[in-house]
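One structure is given here, and the rest of the page talks about it.
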2 protein chains.
Amino acid sequence: MKERYKLPCNIAQTLNIVGDRWTLLILHDILVGNETFNELKKSLDGISANLLSDRLKHLEEAGLVASSVYSKHPPRYQYTLTDSGRELELVFDALLVWGRNNLDICYKQLVHNECQHEVELQHYCPSCKTNVDRADVSPVPVEEHQLNK
Amino acid sequence: MKERYKLPCNIAQTLNIVGDRWTLLILHDILVGNETFNELKKSLDGISANLLSDRLKHLEEAGLVASSVYSKHPPRYQYTLTDSGRELELVFDALLVWGRNNLDICYKQLVHNECQHEVELQHYCPSCKTNVDRADVSPVPVEEHQLNK
DNA sequence: CCAAGTGAGTTGATTTAATTAACTAAGTAT
DNA sequence: ATACTTAGTTAATTAAATCAACTCACTTGG
């Protein structure tokens, strides 16, 4: 966590939050509906209880996960994603699609419910109201540092 | 590397390849044009030489990075991405966009060159020839395991 | 020609992070 | 009352990453 990568780069700073071992998988698991500690632990075959516990705490501090008590005495929590946590869905989809195209053994594909055809990810310009080729977009610096919060 | 996550899931298996510390940042750095060992080392402020060396070797084995000798005696290499490495660009874009929307301090945004307007990532169905809402797509299992290679 | 500097690493020691294993505490089911 | 489940915590061990120093081949400056 604590600022591993010092680079002035969205990707590095995002990975400072979600780049630790197991972290993305935990978030993904919550996203797909595993919401209690043991559901997560069972589903994430191989994770240890203390690590899961630590990660959940950090993710809550970072504002990606929210927890609500569903039983006092003993305290039992349900973990859900916040809006920013849920926004990682695009990252998961990008990883899934990469895996679909490049893994030796692939498990999932992303399909359009209506026609069952596989979908792709594309860049869309809301101003031009069209999809644009990757070659026609560039990452450019923003001046207005300090965005949300 | 060696199969940390055992889950039958594209995301977990993809992270087995690119999920280690520094790995995605190295790949991104090569993508944006840092191609020699020292360029990478300088650009990735904080990485140690041995880790960079290890990672490059593993990424080459995994087929995401290719190296070509640009000087024998002493051997000097130039590192470039293979096709599968380059396909990670969508993952980088997804991380960049997430950072743009959720980081306290954001450095980059992704803009359409022509109109300088910020772009988004969307799901596109090549069969329907339209963009589709995330709610209208689902990850479904594939039977034909064993894809490429 | 000799010293200092650069590129591309390797080796070994230390520190940090993750895994394994055992344990607790409250409540439920048998 | 005993065993089992949920949701963890604590401590010990192992694995991974960082730090620091070193190598080796070549290049440049004096």
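Quick note on labels: first sequence line is chain A, next is B, and so on, each numbered from 1. Every value quoted in this text rests on a predicted model; they were computed, and no experiment measured them.
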Do any side-chain nitrogens or oxygens of B:R55 fall under 4.0 Å of OP1 or OP2 in D:dA17?
yes
Which nucleotide, D:dT18, C:dT19, C:dT10, lies nearest any side-chain atom of B:A49?
C:dT10
Please state how far atom CG in B:D45 lies from atom P in D:dT18, giving the value in whole angstrom units.
12 Å
Measure the distance from CG on A:N34 to P on D:dT6 and round it to the nearest whole Å.
13 Å
Tell me whether the OP1 or OP2 atom of C:dA17 has a side-chain N or O from A:R4 closer than 4.0 Å.
yes
Judged by modelled atom types alone, do A:N38 and A:T36 share a side-chain donor-acceptor pair under 3.5 Å?
no
Between A:N50 and B:G46, which has a closest nucleotide on DNA chain D that is more 5'?
A:N50
Which residues satisfy the side chain to side chain donor-acceptor pair (under 3.5 Å) test with B:S138, sequence neighbours excluded?
A:N113
Do any side-chain nitrogens or oxygens of B:Y79 fall under 4.0 Å of OP1 or OP2 in C:dG9?
yes
Considering residues at least two apart in sequence or located in another chain, which fulfil the side chain to side chain donor-acceptor pair (under 3.5 Å) criterion with B:Q122?
B:E120, B:N131
Does D:dA7 have OP1 or OP2 sitting under 4.0 Å from an N or O in the side chain of A:T36?
yes
Considering only side-chain heavy atoms of B:S53, which listed nucleotide, D:dT6, C:dT10, C:dA8, is closest?
C:dT10
From CD1 of B:I47 across to C1' of D:dC19 the rounded distance in Å is 14 Å
Between B:F37 (CZ) and D:dT23 (P), how many Å, whole number?
18 Å
Phosphate OP1/OP2 of C:dT6 contacted by B:K41 side-chain N/O (<4.0 Å)
no
Whole angstroms only, please: what is the CD-C1' distance between A:E39 and D:dG8?
16 Å
Whether the side chain of B:Q13 engages the backbone of B:Y5 through a donor-acceptor N/O pair (distance < 3.5 Å, no angle test) should be reported.
yes
So, for B:S84 and A:N102, which heavy atoms are closest and what is the spacing to 0.1 Å?
CB-OD1, 2.9 Å
Length of the line joining B:L51:CG and C:dG12:C1', which is rounded to integer Å:
16 Å
Euclidean distance, atom CG of residue B:L44 to atom P of C:dG7 [Å, nearest integer]:
16 Å
So, is B:W22 close to the D:dT18 phosphate, meaning a side-chain N or O under 4.0 Å from OP1 or OP2?
yes
Pick the nucleotide of DNA chain D nearest each of A:D54 and A:R21; which residue has the one closer to the 5' end?
A:D54
So, is B:K42 near the phosphate of C:dT6, with a side-chain N or O under 4.0 Å from OP1 or OP2?
no
